[in-house]
Structures are given as C-alpha cells and as structure tokens.
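What follows is a short report on a single structure.
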Amino acid sequence: MAQDFTLHTHTNIFDGKNSAQEMIDAAKAHGMRTIGISNHFIVHPIIPTTASYAAATRGGYAKMYMDNFDGAIAEFQAHYDELRQMAEKESIQILCGMEVDFFDSADWHRGFERALKVLKPDYVIGSGHFIEYNGTLCNIHDMANAAPDESDKMLNEYWEKIQRIAKSGLFHWLAHLDLPKKRGLGRDDKWIDAESRAVRAIAESKSRIEINAKGFTLPISEAYPSPRILKMVADADIPVLISDDAHAVDQVCRNFDDAERLAVQYGIKNRIKLQNLLDF
Ligand SMILES: [Zn+2]
Ligand SMILES: [Zn+2]
C-alpha cells in the first residue's frame, strides 16, 4: 500500500459507529503508521432549524450539529483529551483532526479562530456538506429533493462555495470535492465549467484535495472526485492524498488500493507526504 497513514476517520462520539480505540486498532491491523481522527465540526446559528437537524436528532447525531462554538469546542476538548491520552500509550501515531464545515461569516471566522487556538488540532479538513441558500442551510439531500431549476442553483452555489473554502487558506485539504454526485447531482457535462473554476481556485490558493475512497462503488466513474475532475487535478498538479472517510472499523483503509490505481491512471503525480501536510 502506497500510503501508510489514514487521516479522514470518524468515531462514535458523533456519526461514526466505533470508538476511537477500535478505529486505531483497525488502522494498526492495516499496517498504518499514523491514524488521524477527524470528527465533524459543524457550527452554524440556524442549524437547529434545518431539515437535516431533525434527521440528525432522530439518528442520535444531534451533537455533531452545533449552534454555538462554545458547545462545539467543549465537545472536541473532551474528545481530544482522550485521544492525546491514548497517543501516549500507542505504538501507532495518533493525530487530532477535524472535518470542518466552512461558513463565510465574520462570526464564523472569529469562532473558528478561537476553536483552533483552544483545541490546537494537528490538521483541519475543509468540507462543504452545507450551503447557505434562501436564508436556510441545505445539504446534498435537500439539493436532490428540490425542483430541477432550484437544484441547479443550489449546485452552482455549492461549487462557488468550494472556491471560497479553497481561497480561505484555512484547511490542510478539501474533502470529497464533488460530494453532490452521491445523490446523482452534477454528473452532466454542463457542470464542467463550474468544476474547472473550482479546481483553478484550489490550484491558485495552493490547496490540496483527497481522493475519497468511501465513494467507490464500481464502476470507477462513481469515485469522488470523478475522473473528469481527477484529470483537471492532475493537469493543475494539485497535491492529493487518499482518504477512506471511515465511519466504521470495516471502512478503515477500504479501497485504498483502488484509489491508488485511480491516481496512477489519471496521471496524479503530486502525492501529499504526511510530513509536508503537517508542516502546512
Ligand atoms: Zn464529509
Ligand atoms: Zn468525513
């Protein structure tokens, strides 16, 4: 296996299925030298009013959608304390990460800067699970359920948001670039321009991306990012790492070999080394 670290993983304090210890043991079993735990850090004042919040509450995941930074910081502090204690005993390197939903308001920036100062994560992943749209927050399921013209507007905003996440310069890398494809959105060639603008913003801001192996269901055209984006990423020489986005032990390092083959197939030569990533 070409990559001996896995950094995009989730545990059962939020929407994962297994404990940190179980995820760590799984990574060790796969011969990883490093595992990072990157639970969701999603803070927005109106999140409790959204459709996804109701669904998250039913699923028992309400804790991962926070309407204030103090609450989110307190959750992560307890979580990181536990991880840092484990790290002292373990033979594998354990890192404290977070998968952050980026929101572009002054309040959000202030809150997030405070979170970084207090929590001192080893790395932060930038994600766009939500867009701000018509005074509310929408996720990819809301996009998929909207009327077609509305859905197109949302998807357009999604790609604009990816540009803003990259340009913010806050993140070690961007997660699952074309996430809406998970709900069948954005496959049409008419989205190539929006994708290429996003890829250009990523390259210009010296950001990096992941191949998210969790999305793999053969055929390979189902991967995130899709082959047409991977070609753009290769042409722009954007640095890439492989993520499993594991939410359970059986997903740790899953499809890493397929992701590796895909990277080679699409000419991606710029692979992120762990040390360079952490020095960022
Ligand atoms: Zn995600
Ligand atoms: Zn994730």
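All ligand and atom numbering here is 1-based and tracks the order in the structure. Starting from 1, each residue takes its place in the sequence as its number.
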Legend entry - Test ring-ring contact (aromatic ring centres under 6.0 Å, His included) applied to Y53 - qualifying residues, sequence neighbours left out: none
Inset, instruction - Report, as yes or no, whether the 6.0 Å neighbourhood of atom CZ on R33 holds more than 12 heavy atoms from other residues, nucleotides or ligands. - result: no
Inset, instruction - Around the Zn ion (ligand 1), list the protein N/O/S atoms within a radius below 2.8 Å, excluding water molecules. - result: E99 OE2, H129 NE2, H176 NE2
Legend entry - K231/E195 salt bridge by N-O under 4.0 Å criterion: no
Inset, instruction - Please determine if D250 and K17 form a salt bridge, counting it only when a charged side-chain N lies under 4.0 Å from a carboxylate O. - result: no
Inset, instruction - Can you tell me which residue pairs pass the salt bridge (Lys or Arg N to Asp or Glu O under 4.0 Å) test with a partner in residues 50-77, sequence neighbours excluded? - result: K63-E75, D70-R114
Pairs of donor and acceptor atoms involving the side chains of residues 160-170, under 3.5 Å and at least two apart or interchain, shall be tabulated with distances.
unit_1: K161; atom_1: NZ; unit_2: F102; atom_2: O; d: 2.5
unit_1: K161; atom_1: NZ; unit_2: F130; atom_2: O; d: 2.8
unit_1: Q163; atom_1: OE1; unit_2: K167; atom_2: NZ; d: 3.4
unit_1: R164; atom_1: NH2; unit_2: E157; atom_2: OE2; d: 2.7
unit_1: S168; atom_1: OG; unit_2: I165; atom_2: O; d: 2.7
unit_1: S168; atom_1: OG; unit_2: L170; atom_2: N; d: 3.2

